[in-house]
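This report refers to the structure that appears directly beneath it.
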Amino acid sequence: MNEHEGHHEAASYDVQAVEAKWQPVWEKLDPFRADDAAVASGERPKYYALTMFPYPSGDLHMGHAEVMALHDVIARYRRMQGYEVLNPMGWDSFGLNAENAAIKRNEHPATFTYANIEVQYESFKRYATAFDWSRRLHTSDPEYYHWTQWLFLKFRERGLAYRKLSPVNWCPQDQTVLANEQVVDGRCERCGAEVTKRELTQWYFKITEYADRLLADMEPLAERWPDRVVHSQVNWIGRSEGAHVAFEVEGRDKALTVYTTRPDTLFGATFMVVAADAHLAGELVTDEQRPAYEAYLEEVRKASEIERMATDRPKTGVFLGVHATNPVTGQRIPVWAADYVLADYGTGAIMAVPGQDQRDYDFAKAFDLPIVRTVQPPEGWEGEAYTGAGPAINSANEDISLDGLEVAEAKRVTIDWLTAQGLGSGAVNYRLRDWLLSRQRFWGAPIPIIHCPSCGEVPVPEDQLPVVLPELKGADLKPKGVSPLAAAEDWVNVDCPSCGGPAKRDSDTMDTFVDSSWYFLRFCSPGATDGPFDPAQVRMWGPVDQYVGGVEHAVLHLLYARFFTKVLHDMGMLDFTEPFQALLGQGVVVNQGKKMSKSLGNGVNLGEQLDKFGVDAVRLTLVFASPPEDNIDWADVSPAGSLRFLQRAWRLSGDVTSEPGADAGAGDVGLRKVTHRTVHDAAELLENHRFNVVVARTMELVNATRKAIDSGCGPADPAVREATETVAILLSLVAPYTAEEMWERLGHQPSVAQVAWPTVDESLLVEDTVTAIVQVQGKVKARLEVAPDVSDADLEAAAMADPDVVRAIDGREVRRVIVRAPKLVNIVV
RNA sequence: GCCCCGGUAGCCCAACGGCAGAGGCGAUGGUCUCAAACACCAUUCAGUGUGAGUUCGAAUCUCACCCGGGGCACCA
């Protein structure tokens, strides 16, 4: 035979040539086009697979490569299972990156943006992703942001978009305000600059109105969302239960209401504190104390967020000159202003209970205010404020006594009493703040509002949408504290739609997270012209069955998109309230234990890796490296090893000598069992996103097939064909080029991506014999080959008769025998 | 400080409460080669972070601690 020659010639395939060969074939076959009709007619069940769309800041990088590889496994697998898969892709193409680049290059942000999109698009194609490109969208297209603006107006109609004057986070680097979610450790989430506070009138979405639902609806998601993300959101929403309590203030009609989680400690409230930067403080302060207060406020305003957030900082504050009355003790208590109380949480004021709150304790010590303990600390306790459990003390007046009650009971009694007296009530509070959505930058969706001196805020009439961005470029885009749009005279000056008088457009643009809060809906009907989406199409495809992306968006995109979905549901446009049924949060690709970065010089260039090892090897490496949620250290993995494996698998396809369609039933049973067991297990593993194990099992199948060819049933056995075809199908989820090449060599038409998931022959999953282990005192002493359906009694008898077991028992008395047929016998002596 | 998640071979990772090892990387030896690469064959290495507990039996369940990662944090 020409085995030597054949073997030599078939030792490997040319990776680059294979990639070039299949791309046009797939382009023509378009195997991933989602067919609306197939779902509408009930021909196939729908499956909406979505992966977070990228921001076009440059070419695709390792991070993209990982998500896409993982996501592709899911999309391709579901398709093979018979689902009609909607797997769209687009670009989150508004944002500062392009704007900053445009300033530097003296061009329009669109130039940079759309050029990068084309680069990424080509890379996606090369990367062999299973996207339906016919649904491609870009959030910076007027056809798209038309509807972002429309949604803004709808939200406003429902009272969910409003303007208010408030202290806001300001990023001095990006020259714009930021939402709370976009401030991480006092720094801008985007650029890392230290955030400062400014008092500005800004647009907000009233996400707090949905706090309870955003929290409650998380429960059913917890099963199929990563714990991390669920916990992040729960923490971020920060629900707490307590009470509102009204305090009379001398010389003032209106009571001073506070929120507290410890109404049971009311007897220990010896002073009150108002947030220094709350308007309330300015209202309360006496003329006499005003200069001191204003000096303090000035100081507070100068402090950065980072300074303010330090919890070990000494307490500062100023007396406002007024007194309130503790409603239970009747005591006259002073009202102070301090920066440890937050203006935008609760009512912006607290009752201070230094006996039971460390912060209040520190403040009381600093300003020599009285401290009363109202919860009995345990024997020998030596701390300062006591926050633990215990019976109430010093908590009685003529009307009510809490003394002796435990904390929970005391809370209940106090709330009941307050309610009866009309002094307060139980209350729930959230840490979540409204979403500040306006940005003082150019490259985003303009806020479709016109400010008229006589009519006030006037929405742009719907038939005048979209409000298209003007043609600004280069220096015109330089950030100057207000949006560059404000300086575009032709654009900003308009006639009021209401009265026809001269008016100005709102010159801010929307946070780009608004754009991405509804894109998954648009994909269901990307061409919709009379609404953001066709509700019927969304009913058909939605919600997203599997979302894949980075968990860094835990409280950003993933929270905002949930909010949008609920609002749209309330508007009657959606029949579901949660957008993403399941979420897979993949880890990040690092190098040598560190995040890849230019400054560390440890970046790994995706393009170079693809050139060197090929698309399939890189994808395989990323999928095989670890469970999808774990980080991958590029220094720990071996794309070269992946390529070797792919070549080894591919070589099988050249060795098969039986004809396509050969009856596998006549083939070697041993190999068939391995094949069918692998398919059976792979299905379950894929359901559970155990992709790395699926690859490992595929490797085993390749090894078993190799062995069968070389030293077993031989290349002509139909079982070898069956096994090799199965390898091609399994590999097609991860390594589409290699799989396609194998499929062709096996005598089939492309594309392997279009074949059905193999049917498992259940009879081949049954083993003739299984190995039962026999333990004595929990230690393995013998192995027995037994029938899978052996009875407990027979197995026990066989075990007791085994010479090794008899030796191990060594004549001792058998006290107990545990039998788990057919796998195990444990003898206790 | 509070709350989550995770610690298995030199490395990445498997293991329905039942034989600690499926797979890969690396290393070593061999076959092939003039030599090397590739390929193939073989070998190597842990008793599962630590300490208790439950159990006939624990990597797996419970508790405490240690280490690593994450979320929240002057949110009353």
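Shown here, rA58(B) forms no base pair; nothing in the strands shown gives a Watson-Crick or G-U wobble contact with both key distances under 3.5 Å. Base pairing of rA20(B): no nucleotide in any strand meets the Watson-Crick or G-U wobble criterion (both distances under 3.5 Å). Both distances falling under 3.5 Å, in either a Watson-Crick or a G-U wobble arrangement, place rC65(B) opposite rG49(B). A 3.5 Å limit on both hydrogen-bonding distances identifies no Watson-Crick or G-U partner for rA76(B). Remark: rG29(B) base-pairs with rC41(B). Criterion, Watson-Crick or G-U wobble with two distances under 3.5 Å.
Rounded to whole Å, atom P of rC56(B) lies 18 Å from atom CD1 of I809(A). Between the CZ atom of R706(A) and the C1' atom of rC41(B) there is a distance of 13 Å, given to the nearest Å. Atom CD1 of I818(A) and atom P of rG18(B) are 14 Å apart (whole Å). For K707(A) and rC41(B), the NZ to P distance is 7 Å, given to the nearest whole Å. rC13(B) atom P lies 19 Å from atom CZ of F645(A), rounded to whole Å. Nucleotide rC38(B) holds its P atom 17 Å from the CH2 atom of W650(A), rounded to whole Å. Rounded to whole Å, atom P of rC72(B) lies 11 Å from atom CG of N180(A). Summarising the geometry, the separation between NE2 on H553(A) and C1' on rG70(B) is reported as 17 Å, rounded to the nearest angstrom.
The side chain of Y340(A) places no N or O atom within less than 4.0 Å of a non-bridging phosphate oxygen (OP1 or OP2) of rA76(B). At rA76(B), one or more side-chain N or O atoms of S240(A) fall inside 4.0 Å of OP1 or OP2 (strictly under the cut-off).
When distances are taken from the side chain of Q775(A) to each of rA76(B), rG18(B), rC40(B), the shortest belongs to rG18(B). Checked against rC74(B), rC72(B), rA76(B), the side chain of Y259(A) finds its nearest nucleotide in rA76(B). Distance from the side chain of R651(A) is smallest to rA39(B) among rA39(B), rC74(B), rC56(B).
At least one donor-acceptor pair closer than 3.5 Å links the side chain of N591(A) to the backbone N or O of N602(A). A donor-acceptor pair under 3.5 Å is formed between the side chain of Q233(A) and the backbone N or O of A554(A). Panel note: side chain N169(A), backbone K197(A); no donor-acceptor pair is recorded below 3.5 Å.
Aromatic pair F271(A)/F367(A): centroids not less than 6.0 angstrom apart. Aromatic ring centres of Y560(A) and W435(A): separated by under 6.0 Å.
By the rule that a glycosidic angle within 90° of 0 means syn, rG6(B) does not qualify and counts as anti.
For the P atoms, the distance linking rG6(B) with rG23(B) amounts to 26 Å, nearest Å. Straight-line distance between the P atoms of rC12(B) and rU43(B): roughly 24 Å, to the nearest whole Å. Rounded to whole Å, the P atom of rU60(B) lies 11 Å from the corresponding atom of rG18(B). Rounded to whole Å, the C1' atom of rC25(B) lies 15 Å from the corresponding atom of rA14(B). Comparing rC45(B) with rA58(B), their P atoms sit 25 Å apart, to the nearest whole Å. Rounded to the nearest Å, the gap between the P atom of rA22(B) and that of rC38(B) is 26 Å. Rounded to the nearest Å, the gap between the C1' atom of rU62(B) and that of rU54(B) is 7 Å. Across the C1' atoms, rC5(B) and rG10(B) are found 26 Å apart, a figure rounded to whole Å.
A cation-pi arrangement is found for K315(A) relative to Y340(A), the charged atom lying closer than 6.0 Å to the ring centre and inside a 45° cone about the ring normal.
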Between the protein and nucleotides 1-9 of chain B, which nitrogen or oxygen pairs are less than 3.5 angstrom apart?
from   : atom 1 : to      : atom 2 : distance (Å)
rC4(B) : O2'    : H231(A) : ND1    : 2.9

Got a list of protein N/O to nucleotides 14-16 of chain B N/O distances below 3.5 Å?
from    : atom 1 : to      : atom 2 : distance (Å)
rA14(B) : OP1    : N692(A) : ND2    : 3.3
rA14(B) : O3'    : R690(A) : NH2    : 3.1
rA15(B) : OP1    : R690(A) : NH1    : 3.2
rA15(B) : OP1    : R690(A) : NH2    : 2.5

For nucleotides 23-28 of chain B, tabulate all protein N/O to nucleotide N/O atom pairs closer than 3.5 Å, reporting atom names and distance.
from    : atom 1 : to      : atom 2 : distance (Å)
rC25(B) : OP1    : R644(A) : NH2    : 3.3
rG26(B) : OP2    : R644(A) : NH2    : 3.3

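Nucleic acid contact class of R433(A) (heavy atoms, under 4.0 Å, all strands): base.
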Go through T414(A) and T265(A) one step at a time and tell me if the side-chain contact (heavy atoms from CB on, under 4.5 Å) criterion holds.
-> CA-CA 9 Å; T414(A) 310; T265(A) 63; over 6 Å; no
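Donor-acceptor pairing under 3.5 Å, judged by distance alone, is absent between the side chain of R816(A) and the base of rC56(B).
Judged by distance alone, the side chains of E785(A) and T769(A) do bring a donor and an acceptor atom under 3.5 Å apart. T738(A) and D616(A) are linked by a side-chain donor-acceptor pair at a separation below 3.5 angstrom, with hydrogens and angles left out of the test. Between the side chains of Q586(A) and E629(A), not a single donor N or O lies within less than 3.5 Å of an accepting N or O.
In this structure, R301(A) does not pair ionically with D277(A), as no charged nitrogen and carboxylate oxygen lie closer than 4.0 Å. A salt bridge does not link K594(A) to D633(A): none of the charged nitrogens lies less than 4.0 Å from a carboxylate oxygen. One finds a salt bridge joining R313(A) and D339(A) here, because a Lys/Arg side-chain nitrogen approaches an Asp/Glu carboxylate oxygen to under 4.0 Å.
Ring-plane geometry between H689(A) and F691(A) is classed as tilted, the angle between the planes lying from 30 to 60 degrees on a 0 to 90 degree scale.
Each of Q233(A) and N826(A) has a nearest nucleotide on RNA chain B; the 5'-most of these lies closest to N826(A).
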